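Comments concern the structure below.
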Amino acid sequence: MSNSEVWNAYLAKFNAEPKDASQLQAYAKAQDNLPNLSFKDANECYKSNKGKGAASGGAEKKEPESGGGGLFAELNKGGDITKGLKKVTRDMTNKDKTVSGKVGAAPKKKAAAPKKAAAPKKVKPPAIRKQGFRIWVENFVEGVEEIKDAGIKNEVYFVNCKNTGFKISEKVKTVIIDSCQKVQVQVSAVLTSIDM
């Protein structure tokens, strides 16, 4: 028996081609009436018969290396390959629906009702507080403040301050400015960095 007979027996039993050479080899080993295939033989048989249906009776036909088989034949069809496709017109596409005017018109906005006066934001009181080695300076709105009780181990963290000036007369570890507008900070010395 030749390798093509193993291929044909597989097709007869499963009505489909094997997914890979190892599946063909395992089938040949499981059948008593078929010769056992080495993986190399199974791979050659798989490559030569894949996509062709039942193998021809005698010796196996090897696919020419440079030919590429059916793939290049399909590619060489050129314009004929798209012959059976449906023509898509511009109104069938989703691109630029606003240009073609086919998108469901956006619902017209009703005349804007007069807005109620927005409730003023709750303004938290300004505070300087110490939390561990961090000194928090929060919610200052106007004026110039001096940060006291700061030392080399302290971080000074400015949050939500507006139109304010600050003076740090001692050397501090770091200064961080977060969510502040129009703030001036005068620092005598910093050990690591000033972050904004």
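Below, each value reflects all heavy atoms present in this structure, side chains not excepted, and no hydrogens, waters or symmetry copies. Model, not experiment: these values are computed from the prediction.
In terms of the side chain to side chain donor-acceptor pair (under 3.5 Å) criterion, Thr192 has no residue partners (sequence neighbours excluded). Applying the side chain to side chain contact (heavy atoms under 4.5 Å, CB included) rule to Asn139 yields the partners Lys124, Asn160; only residues at least two apart in sequence or on another chain are considered.
Contact check for Leu37 versus Val6: side-chain heavy atoms found under the 4.5 Å cut-off. Between Glu17 and Leu11 there is a side-chain heavy-atom pair separated by less than 4.5 Å. Between Tyr10 and Leu24 the shortest side-chain heavy-atom distance falls below 4.5 Å.
A donor-acceptor pair under 3.5 Å is absent between the side-chain atoms of Asn49 and the main chain of Tyr46, judged by distance alone. In this structure, the side chain of Thr164 does not engage the main chain of Cys161 through any donor-acceptor pair within 3.5 Å. Listed for the Gln23 side chain is a donor-acceptor partner under 3.5 Å among the backbone atoms of Lys19.
Residues Ala42 and Ala21 share a closest heavy-atom pair of CB-O, 3.7 Å. In plain terms, the two heavy atoms of Ala150 and Ile147 that are nearest each other are CB-CG2, 4.5 Å. Scanning both residues, Ala9 and Tyr27, for their nearest heavy atoms gives O-OH, 3.4 Å. The heavy-atom pair separating Lys153 from Phe133 by the smallest distance is O-CB, 3.5 Å.
Heavy-atom neighbours of Phe14 CZ from other residues, nucleotides or ligands within 6.0 Å: above the threshold of 12. Residue-environment remark: CD (Gln31) exceeds the threshold of 12 foreign heavy atoms within 6.0 Å.
A distance of 15.0 Å separates CZ of Phe140 from NZ of Lys162, quoted to the nearest 0.5 Å. To the nearest 0.5 Å, the span separating CD1 on Ile135 from NZ on Lys148 amounts to 12.5 Å. Summarising the geometry, atom OG belonging to Ser38 is positioned 7.5 Å from atom CD belonging to Glu44; distances are rounded to the nearest 0.5 Å. Lys50 NZ to Asp20 CG: the interatomic distance, rounded to the nearest 0.5 Å, is 9.5 Å.
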Open item on the list: What verdict does the side-chain contact (heavy atoms from CB on, under 4.5 Å) test give for Phe166 and Val137, after you've listed the backbone C-alpha separation in whole Å, the side-chain angles of each residue and the deciding distance to 0.1 Å?
Closed with: CA-CA 10 Å; Phe166 296 101; Val137 181; 3.5 Å; yes
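For the pair Lys167 and Glu146, the salt-bridge criterion is not met [side-chain N within less than 4.0 Å of a carboxylate O].
Met196 and Val159 fall into different hydrophobic clusters, defined by Ile, Leu, Val, Met, Phe, Trp and Tyr side-chain heavy atoms under 4.5 Å apart, directly or through other members.
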I'd like a table of donor-acceptor pairs (distance under 3.5 Å, sequence neighbours excluded) in which one partner is a side-chain atom from residues 168-185, with atom names and distances.
from, atom 1, to, atom 2, distance (Å)
Thr174, OG1, Ser193, O, 2.8
Thr174, OG1, Ser193, OG, 3.4
Asp178, OD2, Tyr157, OH, 2.9

